[in-house]
Amino acid sequence: MSEVKIAAATRTEFGKGAARRIRRDSKVPGVLYGHGLDPVHLTLPGHDLLLALRTPNVLIALDIDGKKNELAIPKSVQRDPIKGFLEHVDLLLVKRGEKVNVDIYVHTEGELAPGGYLLEHVLNALPVEAEATHIPESVTVSIEGLAAGDSVLAKDIPLPSGTTLAVDGDTVVLQILSAQAEEAPEGEAEGEEAAEA
């Protein structure tokens, strides 16, 4: 996984008014925390951060006030529910070689068995533990030929080397359901026939 470099500045103003002023300048307020250190309040460039967050579990190399370099991963991102712009971001401080718990997306490949079955994602993201600088973006699992009643467990999903499950191996991640046609209640069908006669 590549690092995305972002220049950040520490901030001393807090509250809604300060946050609004930061966002008016196309910047995003954020907090960097972890390793038992006091949280550091930051201002980050909005466009650069938005581009970085397109990559799941992106590793961000922060240049804070041009003096301090820190590695971080996004832990919580708040967006405006209507316009979608970034409102706030929480960043977790990490070190090279350190293991972190993250959720990675589960992609599927292949076709279900013929018969109109439905694929249900019980978990859209799989909790794993990985080295902070080698977090996989996603995992892919084959659903080829699966039919109703089949399921894919967490332990069945192939993980990249250095990545381990952070959830019980018997947790259901995907399951196959039979597609059920909607049937009219018997009373309604009989009533319609009587009306036609």
Side-chain angles (χ1 to χ4, degrees), residues 1-4 47-60 72-92 94 98-197:
M1 167 180 278
S2 61
E3 295 174 19
V4 176
H47 182 70
D48 293 349
L49 185 60
L50 191 63
L51 291 176
L53 293 175
R54 288 184 177 171
T55 304
N57 298 314
V58 64
L59 185 65
I60 299 173
I73 57 173
K75 260 327 213 186
S76 172
V77 178
Q78 295 171 16
R79 295 177 185 267
D80 180 273
I82 297 168
K83 297 183 179 173
F85 63 80
L86 296 173
E87 290 190 327
H88 189 274
V89 64
D90 286 355
L91 300 169
L92 178 66
V94 296
E98 176 185 5
K99 295 270 192 177
V100 292
N101 285 346
V102 293
D103 292 341
I104 56 175
Y105 292 110
V106 177
H107 295 292
T108 58
E109 63 181 10
E111 298 289 327
L112 295 174
Y117 299 116
L118 300 174
L119 173 65
E120 180 186 11
H121 286 259
V122 179
L123 291 180
N124 284 321
L126 185 65
V128 297
E129 183 182 70
E131 202 258 302
T133 55
H134 294 93
I135 298 171
E137 288 182 26
S138 63
V139 288
T140 302
V141 61
S142 174
I143 57 166
E144 189 65 42
L146 296 181
D150 291 338
S151 58
V152 176
L153 304 179
K155 65 184 178 187
D156 300 331
I157 296 176
L159 297 174
S161 65
T163 304
T164 57
L165 286 175
V167 68
D168 186 272
D170 291 327
T171 301
V172 175
V173 179
L174 304 167
Q175 64 184 10
I176 314 307
L177 308 172
S178 58
Q180 297 175 348
E182 288 186 29
E183 294 178 14
E186 287 181 26
E188 284 182 27
E190 288 170 10
E192 287 169 12
E193 287 170 14
E196 288 172 10

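- Between V173 and L153, the closest heavy-atom pair is CG2-C, 4.1 Å.
- Annotation: the span from L123 atom CG to T171 atom OG1 amounts to 7.0 Å, rounded to 0.5 Å.
- Of the inter-residue distances, the one linking L49 atom CG with L91 atom CG reads 7.0 Å to the nearest 0.5 angstrom.
- Partners of D90 under the side-chain hydrogen bond (donor to acceptor under 3.5 Å, both in side chains) rule, at least two apart in sequence or in another chain, are H88.
- Heavy-atom minimum distance, A52 versus V4: CB-CG1, 3.8 Å.
- D168 meets the side-chain hydrogen bond (donor to acceptor under 3.5 Å, both in side chains) test with no other residue; sequence neighbours excluded.
- The side chain to side chain contact (heavy atoms under 4.5 Å, CB included) search around P160 returns P136, V139, T163, not counting sequence neighbours.
- In this structure, the side chain to side chain contact (heavy atoms under 4.5 Å, CB included) partners of I143, at least two apart in sequence or on a different chain, are T108, L112, L119, L146, L174.
- Residues L59 and I73 have side chains in contact (heavy-atom distance under 4.5 Å, counting atoms from C-beta outward).
- Taken from OG1 in T164 to CG in L159, the straight-line distance is 8.0 Å, to the nearest 0.5 Å.
- The salt bridge (charged side-chain N to carboxylate O under 4.0 Å, His left out) pairs that include a residue from residues 109-136 number zero, where partners must be two or more places apart or lie in different chains.
- Using a 4.5 Å heavy-atom threshold, the side chains of P127 and N101 count as separate.
- Here the shortest heavy-atom pairing between V100 and A132 reads CG2-CA, 4.0 Å.
- Pairs engaging residues 153-164 under the salt bridge (charged side-chain N to carboxylate O under 4.0 Å, His left out) rule: K155-D170 [sequence neighbours left out].
- Considering only residues two or more places apart in sequence or on other chains, A147 meets the side chain to side chain contact (heavy atoms under 4.5 Å, CB included) condition with A113, Y117, D150.
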